[in-house]
Structure formats: C-alpha cells, structure tokens
Amino acid sequence: MAVSVNKETTALLITYIKEVVNGKTTYESRRFRNFKTAALPEDIHEIAAKISSLGEQATFSYKLEDVSSLAAV
C-alpha cells in the first residue's frame, strides 16, 4: 500500500530568554503562522533572524512546526 503525505501548514516558533533569576532561566515562545508550505527552511530562518533582531530579548531557538496529513493511495 502506498501512502502520500500532504503538507498542510507551516509555522515558525521562536523561543526567547525572558529572564534569568538565581540561575534559573525563564523562556517565552511566540508562534508565527501562515507560511507557505513550499517555503524553504533557509528563507524561514532568514525571516526568523530578522524578527528576532527587532526584539529586546535574547533568542534561544528557532523551530519549524509542520502539519501533514497521510492518505492511502
């Protein structure tokens, strides 16, 4: 049985370092949606870097969240 994968949505999750108190780090995440599913990871990373440079908080990580559906063909 063959299975096809249909990419439905792509979102960018940027995690910021909110504060460090007594050696414990607190993080804050922001999700940016509605990227084209055909967007290249390099392009999304460039956008993430530009968004991060606009903020006052230090950036901890960038993540891509893809949602796909599976269908038997």
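Since the model is a prediction, treat every value here as computed from it, not as a measurement.
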Go through it in stages, so that I can follow the logic: the residues are L70 and V5, the test is side chain to side chain contact (heavy atoms under 4.5 Å, CB included), and I'd like the CA-CA distance, side-chain angles, deciding distance and then a yes or no.
CA-CA 5 Å; L70 299 174; V5 177; 3.5 Å; yes
Closest approach of K7 and S68, non-hydrogen atoms and distance?
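That would be CA-OG, 3.7 Å.
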For A48 and I14, work out which heavy atoms get closest and say how close.
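Where A48 meets I14 most closely, the heavy atoms are O-CD1, 4.0 Å.
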Step through the shown structure and confirm whether more than 12 heavy atoms of other residues, nucleotides or ligands are within 6.0 Å of NZ on K18.
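No - once you tally the heavy atoms of other residues, nucleotides and ligands closer than 6.0 Å, there are 12 at most.
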Please say whether more than 12 non-hydrogen atoms of neighbouring residues, nucleotides or ligands are located less than 6.0 Å from CG in N34.
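Incorrect, the count does not exceed 12.
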When you look at S52 and Y16, which way does the side chain to side chain contact (heavy atoms under 4.5 Å, CB included) test go after all the steps?
CA-CA 9 Å; S52 294; Y16 297 97; 4.2 Å; yes
Parallel, tilted or perpendicular: which describes the rings of H45 and Y62, with under 30° parallel and over 60° perpendicular?
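The rings of H45 and Y62 stand perpendicular, inter-plane angle above 60°.
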In one Ile/Leu/Val/Met/Phe/Trp/Tyr side-chain cluster, 4.5 Å: V20, F60
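Linked, V20 and F60 end up in one cluster.
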With rounding to the nearest 0.5 angstrom, report the [atom1] to [atom2] distance, [X] to [Y].
X	Y	atom1	atom2	value
L13	R33	CG	CZ	9.5 Å
F35	I47	CZ	CD1	5.0 Å
T15	K63	OG1	NZ	5.5 Å

Check step by step if side-chain hydrogen bond (donor to acceptor under 3.5 Å, both in side chains) holds for T37 and T10.
CA-CA 6 Å; T37 56; T10 299; 5.7 Å; no
How about V21 and E19: do any of their side-chain heavy atoms sit closer than 4.5 Å?
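SC-SC contact between V21 and E19 confirmed.
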